[in-house]
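First up is the structure itself, then whatever we jot down about it.
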Amino acid sequence: MIRTVAMLVCSAVAASAAEPVLIPRPTSVREQPGTLVLAADSLVLAPPELIDSAVATLSAAAACTLKPAPAGSPGRIQFLAANARPEAFPIPQGEGYVMRITPDGVNIHAATPAGHFYGLQSLAQALTTANPPRTLACADIVDAPRFGWRGFMLDESRHFTGITEVKRLLDAMASYKLNRLHWHLTDSPGWRIEIKKFPRLTEIGSRGSETDRRKDAPPQFYTQDQIRELVAYAKARHITLIPEIEMPGHADAAGLSYPEHSGGGFIADASAGKWPNFTFNPAKPETLAFLDDILTEIAGLFPDAGVIHFGGDEVNFGWQHWTDLPDVKSLMQRENLKDLNGIETWFNRRMAASINKLGFTTGGWDEVTARGLPRDKTLVFWWRHDHPQVLRRALDDGYQVVLCPQRPCYLDFVQHDSHLNGRRANGFNPLADVYGFPDSLKELRPGDAPQVLGIQANLWTETTVTQQRRDFLTWPRLVALAEAAWTPASRKDYAAFETHLKVHLPLLRARGLAPWDPFAASLEVVK
Ligand code: ACM
């Protein structure tokens, strides 16, 4: 299916024979004389952990039935150790790989399973877009990522996605060499992950959504078995799922389920009554123990995540009633806390300590920069593009950061001026701006590089009632983000990207995704 669509497009767009149509664009592609014509029953040699997926992926890409090489036999396609490369090539490190396409076959050298996996993705794309089929121009490709964190955040709370579409998303992310899915699993509209110790979180808290607030709406959440299934599915694709459990704000669904842990919320302001349980009680010992227990289950479900994100944003939207709470009063006295900021800082440090004790780094939105969390155990997600001083402060204070500012990384912002539904903030987020990030960012200095782990696109789902709209907002902008995250700045070229994207849009559709087509100005999907 993918192949058929690709061929139609290849003949229409006349893909260059010189450089394979790869997204993200590799670090270096040197053309070599000659052509490889791969026989339909060619053998594949790969390490045991890769061989099944390599044969399946490449067979699908080449529309033929490739076979594993028998023990001791060479293959026409070989995944080899890093040091088995010819002298003329650098030794690939980490996620990098070297791929040599010669008339005799393809050799992919890598130092790690991730490097082999990314070489496999490149070869699969090259075969999928090859014209004629199974015919590749010879080339030497040396490739490695610009950033270690190449992320996408999916908000499951406002509208729930579900296991089938998350798998489809993970497949596409892997193809474009993205490696982090930041999973926003809890927020005010819905709690989307089963917690065994507190079943009401999902019995009550998972009902409804941003646009369906009925208490009797069907529950929508991931069971722990489904979480384990998706963690394993992602891991096989070299993607780490990063769970986010929001606190102390954005907690309404939890507060509805267990009102004894609510710290109040938007009652007396302009959003009257909308989120009456916006916060957790930041001082009640039982609430802190409740959150510790939740985090312990999360740690067990995501053992390799490295980071547990605890939100920490926009707490001031709903903290107005904290000082009326008896536990807060006694905490303030005991800890000599002066005001709401002091309480928030105390709470953040308390919960970050729990996350660290479980063996994880604490992820937090950029508000946490002001909370004095340990710099070596905290990862700051800079989101407020209109607060560049917060990014500067995080970097100057020694924090590691992921860059995901609203402009241009929020995919719920509109992508074309003609689109009527979606957010804007003195502008919007066209494809070209996503592609140009983070080189467009003026705040970064060359010395910041070691602290910038990478970049991420965020999809908040207030306006996405349907999967079609989630796809419409995500694709193809996430493809642009993927190239921005992987390809060195010196190799980024928006005109080349657009040419390649014309070939890749039908590939996205063949995956069952429904991207916006910037070249055909396809219709806006409004819901
Ligand atoms: C955010 O957009 N509130 C992180």
Side-chain angles (χ1 to χ4, degrees), residues 1-23 26 29-82 84-86 88-89 92 97-110 113 115-143 171 174-175 177 237 500 503-504 506-507 510-511:
M1 163 88 150
I2 289 184
R3 160 125 224 123
T4 314
V5 179
M7 288 313 303
L8 288 173
V9 172
C10 285
S11 47
V13 175
S16 154
E19 189 173 320
V21 188
L22 302 185
I23 302 180
V29 179
R30 269 193 297 153
E31 296 165 35
Q32 298 294 347
T35 303
L36 166 67
V37 182
L38 199 65
D41 57 355
S42 293
L43 300 180
V44 179
L45 178 77
E49 75 279 1
L50 185 67
I51 187 66
D52 289 349
S53 83
V55 168
T57 303
L58 296 173
S59 296
C64 61
T65 310
L66 303 173
K67 304 219 162 49
S73 303
R76 285 274 274 176
I77 297 172
Q78 307 194 106
F79 292 82
L80 302 170
R85 92 254 171 261
F89 290 85
Y97 65 93
V98 167
M99 178 157 69
R100 298 197 71 207
I101 305 171
T102 70
D104 296 332
V106 182
N107 282 347
I108 294 172
H109 306 267
H116 277 149
F117 184 77
Y118 292 129
L120 169 62
Q121 301 317 308
S122 293
L123 181 56
Q125 284 192 7
L127 285 169
T128 304
T129 55
N131 186 17
R134 296 194 297 281
T135 304
L136 300 178
C138 292
D140 297 330
I141 298 177
V142 177
D143 202 10
D171 286 341
S175 170
K177 303 188 176 78
R237 288 153 183 76
H500 293 171
V503 177
H504 277 253
L507 305 186
R511 291 181 177 280

Sequence neighbours excluded, which residues qualify as side chain to side chain contact (heavy atoms under 4.5 Å, CB included) partners of S59?
-> V55, L66
The side chain to side chain contact (heavy atoms under 4.5 Å, CB included) partners of L36 (sequence neighbours excluded) come to L38, R76, I101, V106, L136
Heavy-atom pair with the smallest gap, counting every atom of [X] and [Y]:
{"X": "H500", "Y": "L22", "value": "ND1-O, 3.7 Å"}
{"X": "C64", "Y": "R134", "value": "SG-CD, 3.8 Å"}
{"X": "D143", "Y": "P26", "value": "OD1-CA, 3.3 Å"}
{"X": "G75", "Y": "L45", "value": "N-CB, 4.1 Å"}
{"X": "L43", "Y": "P74", "value": "CD1-O, 4.0 Å"}
{"X": "Q125", "Y": "V21", "value": "OE1-O, 3.8 Å"}

So does [Y] get a backbone contact from the side chain of [X], meaning a donor-acceptor N/O pair under 3.5 Å?
{"X": "Q121", "Y": "K177", "value": "no"}
{"X": "S73", "Y": "A69", "value": "no"}
{"X": "S42", "Y": "A40", "value": "no"}

Just jot down the salt bridge (Lys or Arg N to Asp or Glu O under 4.0 Å) partners of D171, sequence neighbours excluded, or say none.
-> R237
At what distance, to the nearest 0.5 angstrom, does [atom1] of [X] lie from [atom2] of [Y]?
{"X": "I23", "Y": "H504", "atom1": "CD1", "atom2": "NE2", "answer": "4.0 Å"}
{"X": "L58", "Y": "T65", "atom1": "CG", "atom2": "OG1", "answer": "12.5 Å"}
{"X": "I108", "Y": "L120", "atom1": "CD1", "atom2": "CG", "answer": "6.5 Å"}
{"X": "L123", "Y": "F79", "atom1": "CG", "atom2": "CZ", "answer": "6.0 Å"}
{"X": "T129", "Y": "L507", "atom1": "OG1", "atom2": "CG", "answer": "7.0 Å"}
{"X": "D140", "Y": "R85", "atom1": "CG", "atom2": "CZ", "answer": "13.0 Å"}

Tell me, please, which residues at least two apart from Y97 pass ring-ring contact (aromatic ring centres under 6.0 Å, His included).
-> none
All ring-ring contact (aromatic ring centres under 6.0 Å, His included) counterparts of H109, not counting sequence neighbours | none
Among residues two or more places apart or on two chains, list those pairs meeting ring-ring contact (aromatic ring centres under 6.0 Å, His included) that have a residue in residues 117-139.
-> F117-H238, Y118-W486
